[in-house]
> 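One structure follows; several queries about it will come next.
Note that ligands are numbered from 1 as they come in the structure, with each ligand's atoms numbered from 1 the same way.
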Amino acid sequence: MNILLTGGAGYIGSHAAVALIEAGHGVVCFDNFANSKPDVAVQVEQIAGAAPVMVEGDIRDRAALDRVFADHAIDAVIHFAGLKAVGESVALPLDYYESNVWGTACLLQAMKQAGVRKLVFSSSATVYGAPQYLPLDEAHPRSATNPYGRTKLIVEHMLEDLAASDPDWRIAILRYFNPVGAHASGLIGEDPNGLPNNLMPFVTRVASGRLPQLSVFGDDYETADGTGVRDYIHVVDLAQGHLAALDRIGADERALSVWNLGTGNGHSVLDLVRTFEAVNGVAVPYKIAPRRPGDVASCYAGPELARAELGWEAQRDLAEMCSSAWAFEKLVAIRNG
Ligand code: NAD
Ligand code: UDP
């Protein structure tokens with residue numbers, strides 16, 4: 001198949017590009033490079049043996065989308081493009097609605113016109129809001145606690161309405177838990193601009209000395225060691241989940257399906273820090289800081305539906321997530337001189 005990856009130059013998109021090329025698919029990445037660089041194609045080629053086609057463009061630009069569908073025989077779309085920082089979404093909500101909601105509507109219109117009706121959408125466990133029970137299964141009630149989460153929820157509703165209007169669509173909504181780590185080569189990974197919001201990129205920068213100290217947000221949660229528990233999933237496992245979803249919707253009767261992509265295991269902040277230190281032989285200095293507003297004590301997936309319906313489950317453990325993230329950080333340090 002020829003797969004269009006919106007946001008394909010980004011963190012998860014680049015790992016998906018590798019997995020798709022390795023599985024024999026053609027890949028076209030469509031990205032405005034707001035949070036990535038076009039030269040990731042070089043690294044993807046080094047790993048996978050073939051380069052994705054890179055098209056610079058914005059999903060809010062309908063004419064640019066129409067050109068991509070006219071120029072390439074696209075069979076399916078994986079839609080990663082969008083903005084993803086919770087704090088920024090509170091400060092700049094209109095940017096989030098414009099990119100994530102309006103941008104997705106533009107993409108769906110372009111797909112409809114081009115007759116492409118297979119879509120995998122990057123959603124998030126954030127659509128479950130504060131957990132009412134754990135593990136979170138796909139039937140857990142949905143709500144949003146910030147503008148970013150609301151944009152994901154709105155797009156989920158948009159896709160439900162679309163699937164109900166036309167049964168020829170084949171749509172997979174994938175709800176990611178906490179993607180971390182990097183490809184085993186260390187060539188691609190997560191290198192956010194500015195101060196990282198997320199735990200793993202913060203930890204790698206403290207370990208390499210780019211940042212002085214980690215703040216652990218709260219040690220008085222009702223968890224085994226008092227720090228927050230999350231379901232960290234290796235980005236390579238996550239990428240494989242997209243292949244499984246594409247295969248499944250190709251053969252599916254349903255117009256719309258929803259799957260959690262998580263491991264089902266919860267790890268605390270201190271579990272992650274200690275594992276990182278042990279497997280990499282480096283120190284991660286930290287201090288206990290106040291809770292971060294909006295954080296919940298624990299959040300982890302029920303991964304059974306993905307296992308049963310996709311035949312997919314995460315293979316890589318926390319140690320591998322930590323060692324690959326560190327290998328990538330060391331390469332970034334060399335690149336940055
Ligand atoms: P990322 O920022 O690395 O990748 C997103 C890519 O989209 C970037 O390359 C960026 O340049 C591009 N982009 C942004 N706006 C665009 C636009 N208007 N037009 C074209 N390209 C645009 O982020 P990621 O971590 O790879 O996340 C991919 C998707 O997964 C996002 O939709 C995100 O919300 C979702 N998600 C991520 C996480 C996570 O923790 N990383 C968790 C749950 C869901
Ligand atoms: N966290 C932390 N220090 C940081 C960043 C995150 O202690 O600098 C904690 C956070 O409170 C949460 C966990 O690490 O318990 C995962 O946070 P992240 O932002 O990576 O993911 P999310 O909160 O979106 O699940």
Side-chain angles (χ1 to χ4, degrees), residues 5-16 29-38 40 54-61 64-65 78-87 89 95-96 98-100 102-104 106-107 120-127 145-146 148-149 151-152 155 174-180 188-193 195-203 205-206 211 213-219 221 223 226-233 235 238-239 242 261-262 266-273 286-300:
L5 308 190
T6 71
Y11 171 47
I12 302 169
S14 56
H15 288 83
C29 296
F30 181 86
D31 201 303
N32 67 359
F33 307 119
N35 197 34
S36 56
K37 296 186 189 80
V40 73
M54 279 287 171
V55 178
E56 179 165 6
D58 195 298
I59 52 167
R60 295 164 292 180
D61 180 351
L65 285 168
I78 307 182
H79 178 31
F80 297 105
L83 304 177
K84 61 164 186 176
V86 171
S89 81
D95 290 2
Y96 276 69
E98 191 182 296
S99 289
N100 296 5
W102 164 245
T104 301
C106 291
L107 172 68
V120 177
F121 172 62
S122 299
S123 191
S124 165
T126 190
V127 300
T145 51
N146 56 65
Y148 167 69
T151 64
K152 291 290 175 192
V155 171
L174 301 182
R175 296 186 183 140
Y176 309 158
F177 281 69
N178 289 58
V180 296
I188 54 173
E190 185 178 22
D191 185 26
N193 295 327
L195 201 63
N197 299 300
N198 296 114
L199 180 62
M200 185 66 97
F202 210 106
V203 165
R205 286 186 193 191
V206 171
L211 289 170
Q213 192 178 42
L214 170 73
S215 292
V216 174
F217 297 141
D219 68 348
Y221 286 107
T223 61
T227 66
V229 166
R230 297 289 183 277
D231 187 340
Y232 298 98
I233 174 165
V235 66
L238 190 76
H242 291 72
L261 294 185
H267 292 289
S268 75
V269 176
L270 292 182
D271 282 342
L272 188 146
V273 168
Y286 69 85
K287 64 168 189 224
I288 303 298
R291 290 182 178 194
R292 184 172 64 178
D295 274 357
V296 298
S298 297
C299 174
Y300 49 92

> How about S122 and I12: do any of their side-chain heavy atoms sit closer than 4.5 Å?
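Heavy-atom side-chain distance check fails, nothing below 4.5 Å.
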
> Can you check whether S215 reaches K287 side chain to side chain, under 4.5 Å on heavy atoms?
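Yes, at least one pair of side-chain atoms sits under 4.5 Å.
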
> Heavy atom to atom 16 (C) of ligand 2, shortest distance: which of F177, Y148, Y232, F217 holds it?
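That would be Y232.
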
> Between atom CZ of R230 and atom OG of S268, what is the distance when rounded to the nearest 0.5 Å?
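Rounded to the nearest 0.5 Å, the CZ-OG separation comes to 11.0 Å.
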
> Where is the nearest protein heavy atom to atom 11 (O) of ligand 2: which residue, which atom, and how far?
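Residue, atom and distance for the closest contact: D295 OD2, 2.5 Å.
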
> Working to the nearest 0.5 Å, report the span between CG of N193 and OG of S36.
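It is 9.0 Å, given to the nearest 0.5 Å.
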
> For D31, is at least one N or O under 3.5 Å away from an N or O on ligand 1?
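Yes, at least one N or O pair falls under 3.5 Å.
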
> Looking at atom 4 (O) of ligand 1, what's its closest protein heavy atom, distance included?
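Going atom by atom, the protein heavy atom closest to atom 4 (O) of ligand 1 ends up being G10 CA, 3.5 Å.
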
> So which bit of V229 gets within less than 4.0 Å of ligand 2, heavy atoms only: side chain, backbone, both or neither?
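V229 to ligand 2: no contact under 4.0 Å from either part.
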
> Tell me if a side-chain donor or acceptor on T6 pairs with a main-chain N or O of F80 at a distance below 3.5 Å.
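Yes: the side chain of T6 pairs with the backbone of F80.
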
> Under 3.5 Å between any N/O of N35 and any N/O of ligand 1: does that happen in this structure?
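N/O-N/O distance under 3.5 Å: yes.
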
> I need the contact type for S123 against ligand 1. Using non-hydrogen atoms and a strict under-4.0 Å cut-off, is it side chain, backbone, both or neither?
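For S123, only backbone atoms sit under 4.0 Å from ligand 1.
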
> Just need the protein heavy atom nearest to atom 34 (O) of ligand 1, so name the residue and atom and give the distance.
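So the nearest neighbour among protein heavy atoms is Y148 OH, 2.7 Å.
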
> Hey, is K152 one of the residues with a heavy atom under 4.0 angstrom from ligand 1?
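A heavy atom of K152 does come that close to ligand 1.
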
> Please list, in number order, the atoms of ligand 1 under 4.0 Å from a heavy atom of S122.
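Listed by number with element, the hits are 29 (C), 30 (O), 32 (O), 35 (C).
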
> Quick one: which ligand 1 atoms are inside 4.0 Å of a heavy atom on S36?
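In order of number, 8 (C), 9 (O), 11 (O).
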
> Counting only N and O atoms by type, is there a donor-acceptor contact under 3.5 Å from the side chain of N198 to the main-chain atoms of M200?
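Side chain of N198 to backbone of M200: no pair is present.
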
> Nearest non-hydrogen atom to atom 6 (C) of ligand 2 belongs to which of D231, L199, L272, N178?
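The residue whose heavy atom sits nearest atom 6 (C) of ligand 2 is L199.
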
> I need the minimum non-hydrogen distance between N100 and G82, along with the two atoms involved.
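In this case the closest contact between N100 and G82 is OD1-CA, 3.3 Å.
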
> So how far is it from K152 NZ to Y176 OH, rounded to the nearest 0.5 Å?
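One finds 7.5 Å between NZ of K152 and OH of Y176.
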
> In Å and rounded to the nearest 0.5 Å, what is the NZ to OG distance from K84 to S99?
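Rounded to the nearest 0.5 Å, the NZ-OG separation comes to 14.0 Å.
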
> Tell me which protein heavy atom sits closest to atom 40 (O) of ligand 1, plus the residue, atom name and distance to 0.1 Å.
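The protein heavy atom lying closest is P179 CD, 3.3 Å.
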
> Of the protein's non-hydrogen atoms, which lies at the shortest distance from atom 3 (O) of ligand 1, and what is that distance?
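Looking only at protein heavy atoms, the one closest to atom 3 (O) of ligand 1 is Y11 N, 2.8 Å.
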
> What I'd like to find out is whether the side chain of Y286 reaches to under 4.5 Å of the side chain of V206, using heavy atoms alone.
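Contact flag for Y286/V206 side chains = no.
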
> What residue and heavy atom of the protein are closest to atom 24 (P) of ligand 1, and at what distance?
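Result for atom 24 (P) of ligand 1: K84 NZ, 3.7 Å.
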
> Return yes when A34 approaches ligand 1 closer than 4.0 angstrom through a heavy atom, no otherwise.
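A34 counts as a contact of ligand 1 under the 4.0 Å cut-off.
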
> Would you name the heavy atoms of D231 and F177 that are closest together and state the gap between them?
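Here D231 and F177 meet closest at O-CB, 3.4 Å.
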
> What part of C299, side chain, backbone, both or neither, has a heavy atom within less than 4.0 angstrom of ligand 2?
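The answer is neither; C299 stays 4.0 Å or more away.
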
> Could you see which bit of F33 sits under 4.0 Å from ligand 1, with heavy atoms only: side chain, backbone, both or neither?
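For F33, the contact with ligand 1 is made by the backbone alone.
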
> Flag D58 as yes when one of its N or O atoms lies below 3.5 Å from any N or O atom of ligand 1, and as no otherwise.
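Yes, D58 has an N/O under 3.5 Å of an N/O on ligand 1.
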
> Any carboxylate oxygen within less than 4.0 angstrom of a Lys/Arg side-chain nitrogen, looking at R205 and D191?
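Yes, charged N to carboxylate O under 4.0 Å.
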
> N197 heavy atoms, cut-off 4.0 Å: which ligand 2 atoms fall inside?
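Those atoms are 5 (C), 19 (O).
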
> For atom 19 (O) of ligand 2, which protein heavy atom lies nearest, and how many Å away is it?
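Protein heavy atom with the smallest distance to atom 19 (O) of ligand 2: R292 NH2, 2.8 Å.
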
> Answer yes or no for P192: is there a heavy-atom contact with ligand 1 below 4.0 Å?
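No heavy atom of P192 comes that close to ligand 1.
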
> Just to be sure I read this right, does ligand 2 sit under 4.0 Å from the backbone of L214, its side chain, both, or neither, counting only heavy atoms?
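Side chain only; the backbone of L214 stays clear of ligand 2.
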
> Side chain or backbone of V269 under 4.0 Å from ligand 2, or both, or neither, by non-hydrogen atoms?
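Looking at V269 and ligand 2, just side chain atoms fall under 4.0 Å.
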
> Any side-chain heavy atom of H79 within less than 4.5 Å of one from T104?
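Yes. Closest side-chain heavy atoms under 4.5 Å.
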
> Distance check, rounded to the nearest 0.5 Å: H267 atom NE2 versus T223 atom OG1?
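If we round to the nearest 0.5 Å, H267:NE2 and T223:OG1 are 13.5 Å apart.
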
> Are any non-hydrogen side-chain atoms of L199 and L214 less than 4.5 angstrom apart?
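Yes, their side chains come closer than 4.5 Å.
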
> Return yes when I59 approaches ligand 1 closer than 4.0 angstrom through a heavy atom, no otherwise.
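Yes, that is the case, since the closest heavy atom of the residue is under 4.0 Å from the ligand.
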
> Quick one: sort the Y96 and Y148 rings into parallel, tilted or perpendicular, breaks at 30° and 60°.
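Perpendicular: the ring planes of Y96 and Y148 meet at over 60°.
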
> Would you say ligand 1 has an N or O under 3.5 Å from any N or O of F30?
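For ligand 1, there is no N or O atom that lies under 3.5 Å from one belonging to F30.
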
> What atoms in ligand 2 come closer than 4.0 Å to a heavy atom of G228?
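Near G228, the atoms of ligand 2 are 15 (O).
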
> Report the nearest protein non-hydrogen atom to atom 3 (N) of ligand 2: residue, atom name, distance rounded to 0.1 Å.
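Atom 3 (N) of ligand 2 sits closest to the protein heavy atom S215 O, 2.7 Å.
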
> Using a 4.0 Å heavy-atom threshold (strictly under), name the region of R60 that reaches ligand 1: side chain, backbone, both or neither.
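Just the side chain.
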
> State whether the shortest distance between N or O atoms of F80 and N or O atoms of ligand 1 falls below 3.5 angstrom.
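Between F80 and ligand 1, an N or O pair is found under 3.5 Å apart.
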
> Which protein heavy atom lies closest to atom 22 (C) of ligand 1, and at what distance to 0.1 Å?
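Nearest protein contact, heavy atoms only, for atom 22 (C) of ligand 1 is N32 OD1, 3.1 Å.
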
> Which residue and non-hydrogen atom of the protein lie closest to atom 27 (O) of ligand 1, and at what distance in Å?
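Among all protein heavy atoms, the one nearest atom 27 (O) of ligand 1 is I12 CD1, 3.8 Å.
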
> So do L83 and E98 actually touch side chain to side chain, heavy atoms under 4.5 Å?
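Of all side-chain heavy-atom pairs linking L83 with E98, none is under 4.5 Å.
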
> To the closest 0.5 Å, what do you measure between CZ (F30) and CE (M54)?
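Interatomic distance, F30 CZ to M54 CE, rounded to 0.5 Å: 12.5 Å.
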
> Which atoms of ligand 2 sit under 4.0 Å from any heavy atom of V216?
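Here the atoms of ligand 2 in question are 7 (O).
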
> So, do V40 and I188 sit near enough that their side-chain heavy atoms are less than 4.5 Å apart?
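Yes, at least one pair of side-chain atoms sits under 4.5 Å.
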
> If we set the cut-off at 4.0 Å for heavy atoms, which region of N198 has an atom near ligand 2: side chain, backbone, both, or neither?
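Both backbone and side chain.
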
